[in-house]
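We're numbering straight along the sequence, starting at 1.
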Amino acid sequence: MIIVPETQIANLIGRQEAFDAVQAVFASMASGDAYSFPVIREAIDHEDALYGFKGGFDRKGQSLGLKAGGYWPHNLEKRGLINHQSTVFLFDPDTGRVRAMVGGNLLTALRTAAASSVSIKHLARKDAKVIGMVGAGHQATFQLRAALEQRQFEKVIGWNLHPEMLPNLAKVAEEAGLPFEAVKRPGLRDADVIVTITSSFEPSLMSEHVSDGTHVACMGTDTIGKQEVEANLIARATVFTDEIAQAVTLGESQHAVAQGLTLESDIHQIGDVINGVHPGRTSEDQVTVFDGTGVGLQDLAVADAVVDLAVAKGLAVEVDF
């Protein structure tokens, strides 16, 4: 079995490799070459943690396995650890033997950012100049760095429930040589692209905060009850997602569907756009939404890429198992 520890991940894979892996697996999902297994996600009644498993099989990419982990909300304040903790396990699809164990924390951040970045590439207006961020935590910095690579943005604006965290975004903007402005929520109307990345159970981005022609990537809702944007915004937009079954049950679309504002049949796979089956954006004033629920296949794709890179660079640890 190959082991790639968390400490080696940053030396092996970057945003471009993660982008390529996620884009490819979205295409495989839409063409029927990859599918997810049922998600298990439970509150374990200890440390207020959520723990679960996401897995699947990509026939085209030959990725089989699962990610085990979850969210420990007190890790940072109590232990100086990031709140999201996970590990990816890969198996040989020909034999069922375990192939690799890969640290999943940085991979989760990279693949989540890659997913919204893929949506921006395929759905945002080509002339998008201002990117808006809702959320300013650890994952938001990954989101912003990845998003900035998809268009010639000229400005970053941001809103967060806890404004003292906004310097996290300002730092990333400064690294990219762009100005940053903290705005009130109505100010988000100036954005051509908006990324939401919070753990909210109450909507903070309303339809009135989003101008015509905007692309919105909703990346924080991955659990029943969570909600970042108003259901009316979902109803107003053309909606794309990684996996429709997850979008309507635990993604951002769950609320609009439950209220009868949007039908499951109104939601499209982002992979269909990648494969040229769906045209994606069809007008300059169209509002598009990417409901990024997060699928285990994303984790398997980037983990497979990491294993290949680790072997090629001689950094993989091999053990008898």
With [X] via salt bridge (Lys or Arg N to Asp or Glu O under 4.0 Å) - residues at least two apart:
| X | value |
| --- | --- |
| Glu181 | Lys155 |
| Lys78 | Glu47 |
| Arg236 | Asp212 |

Is the shortest heavy-atom distance from the side chain of [X] to the side chain of [Y] under 4.5 Å?
| X | Y | value |
| --- | --- | --- |
| Ile82 | Gln85 | yes |
| Ile9 | Val4 | yes |
| Val273 | His268 | no |
| Leu178 | Leu148 | yes |
| Gln298 | Lys54 | no |
| Glu252 | Gln227 | yes |
| Phe290 | Val118 | no |

Quiz prompt | Thr87 OG1 to Asn105 CG distance, which is reported to the nearest 0.5 Å | solution = 7.0 Å

Practice problem: Give, for atom CD of Glu6 and atom CD of Gln8, the distance between the pair rounded to the nearest 0.5 Å. | Solution: 10.5 Å

Do [X] and [Y] have a side chain donor and acceptor closer than 3.5 Å?
| X | Y | result |
| --- | --- | --- |
| Ser207 | Glu230 | no |
| Ser204 | Arg185 | no |
| Lys67 | Thr108 | yes |
| Gln150 | Ser117 | yes |

Would the distance check show the side chain of [X] and the main-chain N or O of [Y] forming a donor-acceptor pair, the cut-off being under 3.5 Å?
| X | Y | answer |
| --- | --- | --- |
| Arg189 | Glu208 | yes |
| Gln62 | Pro93 | no |
| Asn275 | Val277 | no |
| Glu17 | Gly14 | yes |
| Asn75 | His84 | no |
| Arg145 | Ala173 | no |
| Thr112 | Ala109 | no |
| Asp33 | Arg59 | no |

Quiz item: If every non-hydrogen atom of Ile3 is compared with every non-hydrogen atom of Val319, which pair is closest and at what distance?
Solution: CD1-CG2, 4.0 Å

Quiz item: Taking the six-membered ring where the residue is Trp, are the ring centres of His278 and Phe240 under 6.0 Å apart?
Solution: yes

Quiz item: Is there a path of hydrophobic side-chain contacts, each under 4.5 Å between heavy atoms of I, L, V, M, F, W or Y residues, that connects Met133 with Val229?
Solution: no

Self-check item: N-O pairing of Lys129 and Asp192 below 4.0 Å
Solution: no

Quiz item: So, are Arg99 and Asp308 salt-bridged, with charged N and O less than 4.0 Å apart?
Solution: yes

Exercise. Describe, in one word, how the ring planes of Tyr35 and Phe57 are oriented to each other, choosing from parallel (under 30°), tilted (30 to 60°) and perpendicular (over 60°).
Key: perpendicular

